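One structure below.
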Amino acid sequence: MSSSDPKTRPKPGPWPPAPDATPVPPSSWAKRTGFRPKFSGETNASDSGQISLPPKPREPVNQPDLEAGRARATPPPAPVPAPASSQALANGDGEKVPALVAPTNKDQTVKRRRDSDKGLSMNGNGHGNGNGSGPAGPTETNQHPQPQPRRAPRNEEMVVVDGMDDDGFTSRHSHMKYQLRDTPGLVPIGLYGIQHYLSMLGSLILIPLVIVPAMGGSHEDTSNVVSTVLFVSGVTTLLHTFFGSRLPLVQGSSFVFLAPALAIINSPEFQGLNGNNFKHIMKELQGAIIIGSVFQAFLGYSGLMSLLLRLINPVVVAPTIAAVGLSFYSYGFPLVGTCLEIGVVQILLVILFSLYLRKISVIGHRIFLIYAVPLGLAITWAAAFLLTETGAYNYKECDVNVPVSNIISEHCRKHVSRMKQCRVDSSHALKSSPWFRFPYPLQWGTPVFHWKMAVVMCVVSVIASVDSVGSYHASSLLVASRPPTPGVVSRAIGLEGLCSVLAGLWGTGTGSTTLTENVHTIAVTKMGSRRAVEIGAGILIVLSLIGKVGGLIASIPQVMVAALLCFMWAMLAALGLSNLRYSEAGSSRNIIIVGLSLFFSLSIPAYFQQYGISPNTNLSVPSYFQPYSVASHGPFRSKYGGVNYVMNTLLSLHVVVAFLFAVVLDNTVPGSRQERGVYEWSETEAARREPAIAKDYELPFRVGRVFRWVKWVGL
């Protein structure tokens, strides 16, 4: 109430009183003052110790981060108290603007954060008591002014700016060239589809170049597996964009499956095999992958994945995916060192293109950033070809095609390894591969099933699902109207399980899952069209039928493969840690959890891998595969051989240890939803009411009607 008595006269609060004049939309206020909202995902990571500078008046208002989600607008410093008729100074830049008002339009109101149970709490009365009994905004009441803090508290208000809807999800139309449902035309969409797959070339083709030689396969076997991987990747990507999450995510052989595949390949029962080791081991891998994939499909289509989503948050996803990349340090540079002049040049070129030349744009495309891997590979391969043709790796009376066991000369024995690693003509895969080859199921024979290997793959399939959940959420913030519902996530995980069953039947050597590099590729290329990925998948299927394509890829020298993998694994570790942007990365709770998870993911497997090995131990596997032969010498030595195999193998996998530490600590250590960065998925009822969400995620061809009664696998 107001009074003429000076003692009872109302004092201005932290915000000027709202006049009855026509309200000024917050977006106009933001444009006039130069206010810039800060984007950090669906939750906010403020007050982490960083010092933020005030925005410059002439900078653009809306420059959202490419991988942003929710927008949180930090209010400007409190204006100097002044009469109601005067104008307040905003942002400290000296520009006078009308006093902030409380508009009546719901879409333009200054919105409060959600309740504390959703991690976005806001003081109930606007003055910090949090009891929820105060009015929606400051009014002319008989209240004393509150002391102003030195910096904005975490519980500030959320200002609705341009492109933000009622639930606080920001619009991505300002920075993406094409959104999820855009179809600009066959020619441009086809070119963008090819670009999308070329930028992910390393993730698609490198895994067969590692596991097939480890199984004792020939260059022809490598060529056939590469063609199979391309074929299965195209088919599963089409299935996922139509009947899975419906997001523009490429499916393929994931690095998550690489370590367990190498552990199975180096099992003691496969050492010293005679005959065709490749087909024998591949059939064992197929059986394990099929069982693990069926388990993953059951998790998704039974709705159990919707329950597990409560345990999967950024603090869990970040160290788990980072451990995948960090776990291959013993394989990367040791192989690069076998031919330093080629391997190091390969690494330096990729670093040069992806970092120093990343801002160079040609016809509106950052070609060096997008095509860093294929460009680096092409240039290094050409240089290695010139060195080979000029005789740089020719040694007198030495033939690279002669087996090492048949070489008598010590001079040739000394240089044979260098010749095999550095020369580009040591592989005959391109010459021996046919022009046309159709990959077919069970091409390596009938899968063999062993329960101990199946258990290992079942655990790994859960971790692959964790990887996919992080990719679904991050990509949806870039290209879709809202994040998917838990039912859509469960449906997508179930379909990934079925796709991995196909990978097991065709014999790719690993399961099929969403590639983590999708998010980086979408953010860099700014292409979020589902149709582009589908057309690219069709092109991939056509290329897989041309045997010479697989032969060309299989001809890549091993040292160049290792150099590319060094970059890819480093990127994978960084992409995993980037999930922390959705949480309060400066929180001591999160720092300790991530640190413990990463450290013990390296230390505990090292204990298992080194147990029982003396310096004079004569191992039957190369040194870079030694970490994956732990099943034969691990510390678990009970009378049950199968249990020993499972425990020694699982606890020697870095990704398994990282996941166990992260999921237990994140879900037991107290912390607010905002601090943890709990993923916010769209609610099922809201998704059914809003046409935009339904168009993004509903199944095509009226297939969704069949599953409408199954609430946990749909909208």
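Everything quoted here is computed from the prediction, not taken from an experiment. Positions are given from 1, in the same order as the sequence printed here.
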Keeping Thr380 on the side-chain end and Leu377 on the backbone end, is there a donor-acceptor pair under 3.5 Å?
no
Keeping the roles fixed (side chain from Ser652, backbone from Pro605), state whether a donor-acceptor pair exists under 3.5 Å.
no
Looking at side-chain heavy atoms only, is the closest gap between His450 and Tyr645 below 4.5 Å?
no
For Ser465 and Glu496, run side-chain hydrogen bond (donor to acceptor under 3.5 Å, both in side chains): C-alpha distance rounded to whole Å, both residues' side-chain angles, the deciding distance at 0.1 Å, then the answer.
CA-CA 8 Å; Ser465 301; Glu496 280 195 12; 5.6 Å; no
Kindly indicate, with the supporting measurements, whether the criterion side-chain hydrogen bond (donor to acceptor under 3.5 Å, both in side chains) is fulfilled by Gln251 and Thr514.
CA-CA 5 Å; Gln251 309 294 297; Thr514 299; 3.0 Å; yes
So how far is it from Asp467 CG to Thr516 OG1, rounded to the nearest 0.5 Å?
3.0 Å
Please give me the minimum heavy-atom distance between Val460 and Val256, naming the atom from each residue.
CG1-O, 3.8 Å
With distance as the sole test, does Ser433 use its side chain to make a donor-acceptor pair with the main-chain N or O of Leu430 at under 3.5 Å?
yes
Please work out whether the ring planes of Trp444 and Phe278 are parallel, tilted or perpendicular, with thresholds of 30° and 60°.
perpendicular
Test your reading of the model: is there a side-chain donor-acceptor pair from Gln286 to the backbone of Val448, 3.5 Å cut-off?
no
So, taking the atom named OG1 in Thr649 and the one named NZ in Lys452, what distance separates them when rounded to the nearest 0.5 Å?
8.5 Å
Quick check: does any side chain N or O of Ser199 sit under 3.5 Å from a backbone N or O of Tyr371, one acting as donor and the other as acceptor?
no
Between Pro374 and Leu201, which heavy-atom pair has the shortest distance, and what is it?
CB-CD2, 4.0 Å
Between Val533 and Leu249, is any pair of side-chain heavy atoms under 4.5 Å apart?
no
Beyond-backbone contact of Pro260 with Leu653, side-chain heavy atoms, under 4.5 angstrom
yes
Heavy-atom side-chain contact between Leu258 and Leu262 under 4.5 Å:
yes
According to the interplanar angle, ranging from 0 to 90°, do the rings of Trp569 and Phe255 count as parallel (below 30°), tilted (30 to 60°) or perpendicular (above 60°)?
perpendicular
Which is it for Ile290 and Phe449 under the side-chain contact (heavy atoms from CB on, under 4.5 Å) test, yes or no, and what are the steps along the way?
CA-CA 9 Å; Ile290 290 173; Phe449 301 93; 4.3 Å; yes
Without swapping roles, check the side chain of Ser267 against the backbone of Ala263 for a donor-acceptor pair under 3.5 Å.
yes
Closest non-hydrogen atoms of Ser500 and Ser293, given as atom of the first, atom of the second and distance, are CB-OG, 2.7 Å
Let's go through Phe636 and Val643 carefully: what are the C-alpha distance in whole Å and the side-chain angles of both, what is the deciding distance for side-chain contact (heavy atoms from CB on, under 4.5 Å) to 0.1 Å, and is it a yes or a no?
CA-CA 8 Å; Phe636 273 93; Val643 175; 5.9 Å; no
Nearest 0.5 Å, what's the SG-CD distance between Cys422 and Glu341?
4.5 Å
Could you go through the side-chain contact (heavy atoms from CB on, under 4.5 Å) check for Asp221 and Met282 one step at a time?
CA-CA 11 Å; Asp221 295 328; Met282 177 62 85; over 6 Å; no
Candidate list Ser471, Ser203, Ser254, test side chain to side chain donor-acceptor pair (under 3.5 Å), partner Glu517, passing option
Ser203
Kindly indicate whether the side chain of Asn518, heavy atoms from C-beta on, has any atom under 4.5 Å from the side chain of Ser475.
no
I would like to know whether Val250 and Leu204 meet side-chain contact (heavy atoms from CB on, under 4.5 Å); could you show each step before the answer?
CA-CA 9 Å; Val250 177; Leu204 290 171; 4.2 Å; yes
Under 3.5 Å, is there a donor-acceptor pair between the side chain of Ser468 and the main chain of Ala464?
yes
The reported gap from NE2 in His654 to OH in Tyr329 (rounded to nearest 0.5 angstrom) is 4.5 Å
Between the main-chain N or O of Ser638 and the side-chain N or O of Asn644, is there a donor-acceptor pair closer than 3.5 Å?
yes
Restricting to non-hydrogen atoms, name the atom on Gly343 and the atom on Ala563 that form the minimum distance, rounded to 0.1 Å.
O-CB, 3.5 Å
Point-to-point distance, once rounded to the nearest 0.5 Å, from CD1 of Ile553 to CG of Leu209
7.5 Å
Side chain Thr222, main chain Ser218, donor-acceptor under 3.5 Å:
yes
Closest approach of Val226 to Gly550 (non-hydrogen atoms, all atoms of both residues)
CG1-CA, 4.0 Å
Do Phe328 and Leu565 have side-chain heavy atoms sitting under 4.5 Å apart?
no
Let me confirm one number: the OG-CZ distance from Ser461 to Phe257, rounded to the nearest 0.5 Å.
6.5 Å
Check whether any side-chain heavy atom of Val229 lies under 4.5 Å from a side-chain heavy atom of Ile207, and answer yes or no.
no
Heavy-atom closest contact (Val225 atom, Thr508 atom, distance)
CG1-O, 3.9 Å
Would you say the side-chain atoms of Trp506 pair up with the backbone N or O of Thr228, donor to acceptor, closer than 3.5 Å?
no
